[in-house]
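Remarks on the structure that follows.
Everything numeric in this text was worked out from a predicted model, so none of it was measured.
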Amino acid sequence: MRGSRIASPIAKESSKEPTSVLIPADWFHMGSEAGQENERPVHRVWIDTFYLAACQVTNAEYVHFLYAAGSKVPPLWDDPNFNHPEQPVVAVSWFEAVRYCEWLSAATGRKYRLPTEAEWERAARGGVEDKLFPWGDDSPESLPNYSQRWKTGPEPVARSAPNSFGLYDICQNVHEWCSDWYQPDYYAGSAERNPRGPESGERRASRGGSWRHHIKVTRCAARSSIPPQFQYADYGFRLACDCG
């Protein structure tokens, strides 16, 4: 690993498992009639039980992977706007996020991976149907201190209230990579149970809001995507884990 300025002492050989939340199996309505065309049609989806990390992967967690795998540090690793230990790691490509999941799975014996779009939206909604945001339909500007937040980068994780499943920053802070390929009209033919996206594509799906967007918090149903090799300052990731 090349030059980190993260100050916390971390054993090079250790791994860092996240605190995870059990997302119970259930049906939910995926998509939104109030959103963009790629969020329609609204359709009923079944998601099996799975675990999702309570927080986005932080710099303090990611450094374990850098030491163990000898991986190149992300582009903004030494930037003081992005390198606080409890900020989410950013500028990580989809490929590096997948490598992190594979490394942590091998180190722990558990099956860590990126969530699917459907899993992410099921978790973001917190078991509440037909609401725009995890807290309801009030605008993001109604959140406490909204105008003073996210000035130069993402916040340290878990500084605001979680959703009803116990997930922090689920629609805010950074975009979160998903496992799926992205297809704008995928919902028209999506599988009813545990959809995993199209078989191929050019862009990988992502979910959640961004510290550098004009509107910092996104709706639960909002979709986004970029090519998997891109390393953007507002892209991070959150771990899913299979049960059993």
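At a cut-off of 3.5 Å, with distance as the only test, no side-chain donor of S105 or R110 sits close to an acceptor on the other residue. Side chains of S224 and S206: a donor on one and an acceptor on the other come within 3.5 Å. Counted by atom type alone, D79 and W77 present zero donor-acceptor pairs between their side chains at under 3.5 Å.
Taking 4.5 Å as the limit, some side-chain heavy atom of P134 sits within range of a side-chain heavy atom of C220. Counting only heavy atoms from C-beta outward, the side chains of H43 and S190 approach each other to under 4.5 Å. In this structure, W120 and I170 have side chains that are in contact, with non-hydrogen atoms separated by less than 4.5 Å.
Note that OH of Y146 and OG of S139 are 8.0 Å apart. Values are rounded to the nearest 0.5 Å. Taking CG from L76 and CG from N83, the interatomic distance works out to 9.5 Å, rounded to the nearest 0.5 Å. Atom CD of residue Q229 and atom CD1 of residue I226 lie 8.5 Å apart, to the nearest 0.5 angstrom. A distance of 5.0 Å separates SG of C243 from OH of Y51, quoted to the nearest 0.5 Å. Summarising the geometry, atom CG belonging to L114 is positioned 7.0 Å from atom CH2 belonging to W94; distances are rounded to the nearest 0.5 Å. Atom CZ in R40 sits 8.0 Å away from atom OG in S32 (nearest 0.5 Å).
No side-chain donor-acceptor contact under 3.5 Å links R203 to the backbone of P227. A donor-acceptor pair is defined here as one N or O able to donate and one able to accept, closer than 3.5 Å; no such pair exists between the side chain of W103 and the backbone of L66. Remark: side-chain polar atoms of T49 are paired, donor with acceptor, to backbone N or O of A25 under 3.5 angstrom. Side-chain atoms of S164 come within 3.5 Å of backbone atoms of G126 as a donor-acceptor pair (strictly under, hydrogens ignored). Here the side chain of E61 pairs a donor or acceptor atom with the backbone of T58 at under 3.5 angstrom. For N163 (side chain) and A123 (main-chain N/O), a donor-acceptor pair under 3.5 Å exists by modelled atom type. A donor-acceptor pair under 3.5 Å is formed between the side chain of Q56 and the backbone N or O of D169.
Applying the side-chain hydrogen bond (donor to acceptor under 3.5 Å, both in side chains) definition to pairs two or more places apart or across chains, those involving residues 123-132 are E121-R125. Residue pairs meeting the ring-ring contact (aromatic ring centres under 6.0 Å, His included) criterion with at least one member in residues 197-218, sequence neighbours excluded: F82-W211, H175-H213. Identified under the salt bridge (Lys or Arg N to Asp or Glu O under 4.0 Å) test for residues 24-33, with sequence neighbours left out: none. Annotation: salt bridge (Lys or Arg N to Asp or Glu O under 4.0 Å) contacts involving residues 215-232, sequence neighbours excluded, comprise E39-R219, E117-R223. Within the structure, salt bridge (Lys or Arg N to Asp or Glu O under 4.0 Å) pairs that include any residue of residues 175-201 comprise E176-R238 (at least two apart or interchain).
Looking at every heavy atom in both residues, A97 comes nearest to V92 through N-CG1, 3.7 Å. Residues A54 and G166 approach most closely at CB-O, 3.8 Å, considering heavy atoms. Considering all non-hydrogen atoms of both residues, H29 and V42 come closest at CB-CG1, 3.9 Å. Counting all heavy atoms, side chain and backbone alike, A91 lies closest to P75 at O-CD, 3.3 Å. The two atoms that bring A118 and I47 nearest to each other are CB-CD1, 3.6 Å, heavy atoms only. The minimum heavy-atom distance linking A53 with L167 is given by the pair O-CD2, 3.5 Å.
For W181, there are no side chain to side chain donor-acceptor pair (under 3.5 Å) partners, not counting sequence neighbours. Annotation: side chain to side chain donor-acceptor pair (under 3.5 Å) contacts of Y187 (sequence neighbours excluded): R207. In this structure W135 satisfies the ring pair (Phe, Tyr, Trp, His ring centres under 6.0 Å) test together with F133, sequence neighbours excluded. The ring pair (Phe, Tyr, Trp, His ring centres under 6.0 Å) test applied to Y182 returns no partner, not counting sequence neighbours. Applying the side chain to side chain donor-acceptor pair (under 3.5 Å) criterion to R113, with sequence neighbours excluded, gives E119, D242.
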How far apart are the C-alpha atoms of L104 and L239, what are their side-chain angles, what is the distance that settles it, and do they pass the side chain to side chain contact (heavy atoms under 4.5 Å, CB included) test? CA-CA 10 Å; L104 191 59; L239 299 178; 3.6 Å; yes
Could you give me the CA-CA distance, side-chain angles and deciding distance for Y235 and F230, then say whether side chain to side chain contact (heavy atoms under 4.5 Å, CB included) is met? CA-CA 9 Å; Y235 263 72; F230 281 19; over 6 Å; no
Side chain to side chain contact (heavy atoms under 4.5 Å, CB included), that's the test. Do D137 and L132 meet it? Break it down for me. CA-CA 5 Å; D137 290 330; L132 296 177; 3.4 Å; yes
What's the verdict on side chain to side chain contact (heavy atoms under 4.5 Å, CB included) for R122 and F165, showing C-alpha distance, side-chain angles and the deciding distance? CA-CA 10 Å; R122 156 83 176 127; F165 278 154; 3.8 Å; yes
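Y168 and L52 fall into different hydrophobic clusters, where Ile, Leu, Val, Met, Phe, Trp and Tyr are joined by side-chain heavy atoms under 4.5 Å apart, directly or via other members. Each of V90 and V73 belongs to its own hydrophobic cluster when Ile, Leu, Val, Met, Phe, Trp and Tyr are linked at side-chain heavy-atom distances under 4.5 angstrom. Grouping the Ile, Leu, Val, Met, Phe, Trp and Tyr side chains by contacts below 4.5 angstrom, directly or via other members, places V174 apart from Y232. By the rule that hydrophobic residues join a cluster once side-chain heavy atoms approach within less than 4.5 Å of another member, F237 and F50 end up as members of separate clusters.
The ring of Y62 has its center closer than 6.0 angstrom to the ring center of Y100.
One finds a salt bridge joining R99 and E96 here, because a Lys/Arg side-chain nitrogen approaches an Asp/Glu carboxylate oxygen to under 4.0 Å.
Between W46 and W27, the ring-plane angle classifies as perpendicular under the 30° and 60° cut-offs.
Other cluster members for V128: none, since no ILVMFWY side-chain heavy atom sits under 4.5 Å from it.
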In residues 153-161, what donor-acceptor pairs under 3.5 Å come from side-chain atoms, sequence neighbours left out?
| from | atom 1 | to | atom 2 | distance (Å) |
| --- | --- | --- | --- | --- |
| E155 | OE1 | R149 | NH2 | 2.9 |
| E155 | OE2 | R149 | NE | 2.8 |
| S160 | OG | Q172 | NE2 | 3.1 |

